[in-house]
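Quick note: residue numbers are just sequence positions, from 1. Whatever order the structure lists ligands and atoms in, that order sets their numbers, starting from 1. Being a predicted model, the structure only gives us computed values, none of them experimental.
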Amino acid sequence: MPQEFDAIVVGAGFAGLYALYRLRERGHTVRVLEAASDIGGTWFHNRYPGARCDIESLQYSYSFSGEVEQEWDWTERYAGQPEILRYIHHVADRFDLRRDIRLNAQAVAAVFDEARHKWRIETGDGEAYSAAFCIMATGCLSVPLDPAIPGLGEFAGDIYRTVDWPHDGVDFTGRRAGIVGTGSSAIQAIPIVAEAAGELTVFQRTANYVIPAHNRPLDEAERADWKRHYPARRAAARRTRNNALMDHNTRPGADMPPGEREAVLEARWQLGGLTFSYGFPDQATDRRVNEAAADFVRRKIAGRVGDPETARKLMPRDHPLGSKRLCVDTEYFEAFNRPNVRLVDLREEALVAVEAAGVRTERTLYPLDALILATGFDAMTGALSRIDPKGRGGRSLREKWRVRPSTLLGLAVAGFPNLFLVTGPGSPSVLSNMVTSAEQNIDWIAACLDYLRANGVVEIEARAEAEDAWFEEVAAASARTLLPEGDSWYVGANVPDKPRVYMPYLGGVPAYLDACEKAAADGYNAFALTPADPAVAAE
Ligand code: NA7
């Protein structure tokens, strides 16, 4: 017999832990199912050297508890993985969350039982659970992709994946290391591996726009200032496009004299990190402004890399700035000035295969002792497609999303009653501060469950026409920008056969929050609500 709960939450990262806290507080019985051997989600898995958040720590943290805000002291502007994981453990302990979390319990199947209005969820460890509601807090970057490179299995050295790095670290001293990928993970790892390794060969397919983090320790005065102003700053952040205070400029770049535009870009560069996206409100929509920012970054690369030929290869030219996620670095380009680091441009010499001795390109064999894969994720839809929930009439979510990843507000899917997503496709999600956006989604879900309970509703399901309308809205928001042009994980370009759809909602957090609020305030008109069946209720 399955174990019965009011709600099952899949995933014990930032989102799943908050879902547990919030739903438990509202009087629901909840069980969290976590595939890993401990909590933390992204921050449990991604332990590669240099792993660090690209949103500032004072903002990339829970807002639901004033006490936690006051008692936790972030040590750096951008927190590293160990510190974020410590924070997650602190919150879990403080609110006694662990007692309702089952670890090593990977959800492998989820089937909606229409007669009972309940989800049945099975885990890889052979357990079964039943609940009226299933909340998928499965993460947006949680299913890693091994690259389709022939011969990976032939490699005689060690293969490491950034996403499941050995917990006690790797000693690269004196070894010939190679790394495939130059996305955010690789860009953080490369300078650190380069310092340790005998040699490091970087295999780059696409050069990326990379902005310096200017990471630094936080001092007591800065922390105290944030602690004094947290409520007001969180509220202000929710009125920004991305749920984060990043000093968003409001003056368009299009009509600015070039000298002035350059000054704005230089100021952004000095601010560092993702703030570079918010130098001009038209940077993502006006090609000339975007190109001015892109050209600025290329010139900075030229200034940071000693060898002009290497600098040229490191300059992105084939996609608008921001159409792949901006990377945030500490000494990334400087690593290429080291005598033990070499760049292989796979656009000039394609990767042919991995062999026992190393990586072979069209030109030569690069002998290696260790190979690091930093090759990305099946983003936003990957985790759910893998579980493949079966909704009304046995309908498969994987099959539905094979056509297009449509949702209503990134929260619900037509054909899948009582299933909720957190930061799903069609919400601002990965374009925003994920912690705050997850909290907002979960607060919406919790309020919805209150409403259903108060009104004797046993089923809630997104209406297909409402979902279609929201999908069009999401598509229109991205069509107003240059951002779908890049072959990014935002559009699923890194996964063979994935439909090319810009998945996150680009209309900004305020518009999204308005839409969520409206969807609740009008009595959930965009959803079909089913009242309790007296026969089942009497059981
Ligand atoms: P990303 O950003 O998806 O980067 C993956 C990298 O791996 C990227 O440079 C890819 O090149 C490269 N890649 C993937 N497959 C191959 C093959 N077959 N050959 C060569 N190179 C390949 O993942 P990250 O983990 O770095 O970052 C993910 C997000 O985590 C990041 O955006 C932040 O939000 C945090 P490509 O660009 O596809 O040519």
Side-chain angles (χ1 to χ4, degrees), residues 13-14 41-43 45-55 60 78 81 84 139-152 160-165 178-190 201-211 213 242 244 273-274 277 313-314 316-319 322-329 332 343-354 359-362 366 371-380 382 423 428-435 437 483 485-496 498 500 503-504:
F14 265 110
T42 287
W43 302 106
H45 290 286
N46 290 271
R47 294 166 186 255
Y48 58 86
R52 194 173 285 290
C53 189
D54 59 7
I55 304 271
Y60 188 80
Y78 296 100
Q81 174 270 335
I84 300 174
C140 291
L141 295 159
S142 50
V143 175
L145 284 177
D146 264 2
I149 301 175
L152 266 180
Y160 303 104
R161 292 170 176 78
T162 47
V163 72
D164 55 10
W165 202 259
I179 183 164
V180 181
T182 48
S184 296
S185 301
I187 280 167
Q188 291 183 331
I190 283 166
T201 306
V202 177
F203 297 94
Q204 169 188 278
R205 188 165 65 184
T206 308
N208 259 317
Y209 297 98
V210 185
I211 313 297
N242 61 337
L274 299 181
S277 294
K313 291 177 182 172
L314 287 165
R317 295 180 188 280
D318 59 1
H319 60 282
S323 64
K324 288 164 95 87
R325 190 182 181 88
L326 275 191
C327 298
V328 177
D329 86 301
Y332 171 64
L343 177 68
V344 175
D345 183 348
L346 299 177
R347 297 281 165 95
E348 294 181 1
E349 47 179 311
L351 204 165
V352 175
V354 174
V359 169
R360 181 170 296 283
T361 68
E362 284 168 337
Y366 294 92
L371 181 61
I372 302 168
L373 300 179
T375 42
F377 299 87
D378 184 354
M380 304 202 74
T423 59
S429 185
V430 290
L431 301 177
S432 68
N433 177 352
M434 286 292 273
V435 181
S437 287
L483 303 190
E485 291 179 15
D487 287 337
S488 68
W489 56 259
Y490 294 133
V491 296
N494 59 333
V495 180
K498 206 163 164 172
R500 191 176 177 113
M503 292 182 279

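- Using bins of under 30°, 30° to 60° and over 60° for the plane-to-plane angle, the ring pair Y366/F203 lands in the perpendicular bin.
- Judged by distance alone, the side chains of S432 and S437 do bring a donor and an acceptor atom under 3.5 Å apart.
- A salt bridge is defined here as a Lys NZ or Arg NE, NH1 or NH2 lying under 4.0 Å from an Asp or Glu carboxylate O, and D378 with K498 meets this definition.
- Residue-level contacts of ligand 1 at the 4.0 Å heavy-atom threshold are L141, P147, I149, V180, G181, T182, G183, S184, S185, R205, T206, K324, R325, L346, A374, T375, G376, F377, W489.
- Y48 meets the side-chain hydrogen bond (donor to acceptor under 3.5 Å, both in side chains) test with Q188; sequence neighbours excluded.
- Looking at D487, T375, L145 one by one, the single match for side-chain contact (heavy atoms from CB on, under 4.5 Å) with N494 turns out to be L145.
- Remark: aromatic rings of F377 and W489 are distant, center separation not under 6.0 Å.
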